[in-house]
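Here is the naming used below: chain letters follow the sequence lines, and residue numbers restart at 1 for every chain. All heavy atoms count here, side chains included; hydrogens, waters and symmetry mates do not.
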Protein chains: 2
Amino acid sequence: MTTQARGLHTRVLEALGLAITAGEYPPGSVLRTDDLAQRFEVSRTVVREVVRVLESMHLVASRRRVGVTVRPTEQWNVYDPQVIRWRLAGADRPRQLRSLTVLRSAVEPVAAGLAALNATPEQCRALTEEALGMVATSRGRRLEAYLVHDIAFHRIVLDASGNEMFARLGDVVAEVLTGRTHHHVMFDDPDPAAVTLHVQVAEAVRGRDAVRAEELTRQIALGALRELDVLAPRAEPAPGPGPSRAVPMPHTGP
Amino acid sequence: MTTQARGLHTRVLEALGLAITAGEYPPGSVLRTDDLAQRFEVSRTVVREVVRVLESMHLVASRRRVGVTVRPTEQWNVYDPQVIRWRLAGADRPRQLRSLTVLRSAVEPVAAGLAALNATPEQCRALTEEALGMVATSRGRRLEAYLVHDIAFHRIVLDASGNEMFARLGDVVAEVLTGRTHHHVMFDDPDPAAVTLHVQVAEAVRGRDAVRAEELTRQIALGALRELDVLAPRAEPAPGPGPSRAVPMPHTGP
DNA sequence: CTGTGATGTAAAAGTCATACTTTTTGTTCG
DNA sequence: CGAACAAAAAGTATGACTTTTACATCACAG
């Protein structure tokens with residue numbers, strides 16, 4: 001799907017990144033560049049470049065006399081959109097979707113509040129347009145068309161916040177929305193309440209009502225989280241060490 | 001300081017990454033691998049690996065027959081800790097500190113709320129310990145010692161939230177706190193109110209009071225933002241296109 | 001006999017130089 | 001104005017060499 005044949009480097013990187021994030025080589029595994037070169041039928045040059053990139057993502061560490069070792073999950077650069085894509089394509093998609101949705105529930109409300117203060121008229125217009133687009137496509141199994149508007153909407157909010165770190169989460173949100181649509185972690189038609197909320201956020205932003213924009217967006221995020229709980233019930237406690245811990249939703253307000 | 005001589009690759013990567021993020025090669029600039037190899041007195045192999053890494057950070061794009069072009073700032077992977085470090089070391093540290101602090105103000109309160117629900121007894125203990133450490137070092141120009149406790153405190157909160165995305169922001173927060181201390185974007189002694197708030201957060205987490213932990217942490221974050229406003233006054237409107245936009249603080253609550 | 005420390009060796013990554021391929025841009029010529 | 005062509009730069013492959021370092025071996029002291 002996203003796998004173009006843009007070069008050997010890309011092909012190998014994709015394959016290796018996917019394999020590692022999928023847990024095919026568990027943390028601690030050791031790879032050797034010569035082996036990889038043979039396995040993928042490319043030169044060591046290519047493998048070395050790939051390894052360097054994976055290293056910069058903290059997926060692996062390369063040490064002399066020992067090889068390329070897969071790092072423990074906690075050290076991965078999980079904000080790298082590439083890593084996110086790989087993990088969403090893999091086995092722990094549910095867990096990943098939940099983490100990311102919780103992140104959204106923290107960031108997007110604040111971003112929306114800032115957007116209400118900072119959005120340009122053009123952004124207000126675009127926001128309303130996308131909200132209306134969502135309304136228009138919210139019925140009749142038109143999930144793909146709906147998704148496009150949904151992504152655009154959230155991207156505009158994050159952009160309009162005027163904060164660069166928020167803006168860069170646009171890709172992440174896009175991956176989340178795409179992931180939950182394409183993997184059916186979603187109802188057949190979008191939740192009508194959510195659609196309404198989006199329209200209201202657009203109104204609040206246009207009306208410079210930061211508090212309202214923030215609160216409405218919080219409702220959207222919490223709704224998404226609830227939906228996730230229904231459609232992808234929380235997995236059993238992680239098999240790691242330490243006492244089992246609940247992973248509840250963020251606050252629902254006083 | 002952090003520049004070890006771990007190899008040619010690291011040296012060149014550091015130099016180039018720093019130069020690019022510092023705007024020494026403005027977006028659109030074209031570099032050629034052969035030139036770089038000459039300039040840094042290393043082989044093309046090394047340069048290519050470095051370029052590949054910079055490419056994975058979306059700092060540059062490499063195209064045949066054209067060269068390695070620096071990408072526009074908006075496309076950089078600003079969540080990559082490496083990129084953050086480079087930018088904090090460069091000219092737009094103030095802007096960077098502000099963006100990151102706003103991000104903190106969104107994320108940390110929610111993380112603290114979750115931590116109150118999820119923290120292990122051991123984490124509660126450690127949290128209290130660090131808070132007390134902050135108290136102990138909060139007077140007498142002991143900023144370095146204070147910093148250590150401050151970083152540890154926030155790391156524990158983010159970890160204890162049980163959310164992997166939050167946990168990974170520990171490095172970012174550490175960079176922010178370190179940056180503002182080392183570059184004197186901070187008072188001579190820590191704000192006593194902030195110190196007290198940290199102690200109270202530790203209490204709230206131990207007492208499983210999520211709402212209180214969240215609200216107190218929000219106060220900490222907003223305090224940091226205010227301090228930034230006092231000590232590093234907002235720069236003039238960015239020279240980019242579009243109407244000038246204010247960048248106010250996130251909501252201060254109803 | 002056992003634990004400890006120096007020494008040596010080989011395995012793997014790191015580096016370099018070179019030759020060759022492929023893509024792409026810009027120019028020239030019909 | 002379009003098509004063929006030439007050159008530029010990245011992409012790929014290969015082989016030789018260097019550097020680091022884990023591990024084994026061996027000597028010696030307790």
Side-chain angles (χ1 to χ4, degrees), chain A residues 2-17 19-20 24-72 75-76 82, chain B residues 2-17 19-20 24-72 75-76 82:
Chain A
T2 38
T3 312
Q4 295 135 36
R6 311 199 293 280
L8 297 185
H9 177 272
T10 309
R11 187 170 63 74
V12 176
L13 178 64
E14 211 68 17
L16 250 187
I20 291 174
E24 196 171 318
Y25 304 96
S29 310
V30 177
L31 312 170
R32 262 150 306 128
T33 51
D34 285 326
D35 287 1
L36 295 173
Q38 272 203 301
R39 173 152 2 143
F40 290 106
E41 297 177 297
V42 295
S43 68
R44 285 190 351 269
T45 313
V46 171
V47 171
R48 295 196 87 268
E49 287 169 11
V50 168
V51 167
R52 276 276 143 79
V53 170
L54 293 173
E55 200 176 21
S56 89
M57 295 168 172
H58 286 73
L59 258 52
V60 303
S62 169
R63 273 155 55 216
R64 274 175 162 148
R65 171 58 213 256
V66 100
V68 177
T69 66
V70 178
R71 290 186 156 199
Q75 299 181 10
W76 296 355
Q82 187 75 103
Chain B
T2 39
T3 310
Q4 297 135 34
R6 309 199 294 280
L8 297 184
H9 174 81
T10 310
R11 188 170 63 74
V12 175
L13 178 65
E14 211 68 16
L16 251 188
I20 291 174
E24 195 171 317
Y25 305 97
S29 310
V30 178
L31 312 170
R32 262 150 308 129
T33 50
D34 287 321
D35 286 3
L36 296 172
Q38 271 203 301
R39 173 153 2 143
F40 290 105
E41 297 177 297
V42 295
S43 70
R44 222 161 60 91
T45 313
V46 171
V47 172
R48 296 197 85 268
E49 287 169 11
V50 168
V51 167
R52 276 276 142 80
V53 170
L54 293 174
E55 200 176 22
S56 88
M57 294 167 172
H58 286 74
L59 258 52
V60 302
S62 170
R63 274 157 50 217
R64 272 174 163 148
R65 170 57 210 253
V66 104
V68 178
T69 67
V70 178
R71 289 186 160 201
Q75 298 180 12
W76 297 354
Q82 186 75 105

Looking at residues at least two apart in the chain, or sitting in another chain, which of them share a side-chain hydrogen bond (donor to acceptor under 3.5 Å, both in side chains) with [X]?
X       : value
B:Asp35 : B:Arg32
B:Arg52 : A:Glu49, B:Glu55
B:Gln75 : B:Arg71
A:Arg39 : A:Tyr25

Can you sort out the partners of A:Ala37 under side chain to side chain contact (heavy atoms under 4.5 Å, CB included), two or more places apart, ordered by chain and number?
A:Arg44, A:Val47

Please enumerate all residues that pass side chain to side chain contact (heavy atoms under 4.5 Å, CB included) together with A:Val66, with sequence neighbours excluded.
A:Arg63, A:Thr69

Overall bend - the helix from C:dC1-D:dG30 to C:dG30-D:dC1, comparing terminal axes fitted on five pairs, nearest 10 degrees:
10°

Calculate, to the nearest 0.5 Å, the distance between atoms CG and CG belonging to A:Leu16 and A:Leu31 respectively.
6.5 Å

Which is the 5'-most and which the 3'-most nucleotide of DNA chain C that has an atom under 4.0 Å from a heavy atom of chain B?
C:dT15 to C:dT25

Full working for side-chain contact (heavy atoms from CB on, under 4.5 Å) between B:Val46 and B:Phe40:
CA-CA 10 Å; B:Val46 171; B:Phe40 290 105; over 6 Å; no

Given protein heavy atoms under 4.0 Å, the one-letter contact record of nucleotides 8-15 of chain D, with B base, S sugar-phosphate only and - none, is simply BBBBBBBB

Test side-chain contact (heavy atoms from CB on, under 4.5 Å) applied to A:Arg11 and A:Val42, step by step
CA-CA 10 Å; A:Arg11 187 170 63 74; A:Val42 295; 3.9 Å; yes

If you look at every heavy atom in B:Leu54 and B:Gly17, which pair is closest and at what distance?
CD2-CA, 4.1 Å

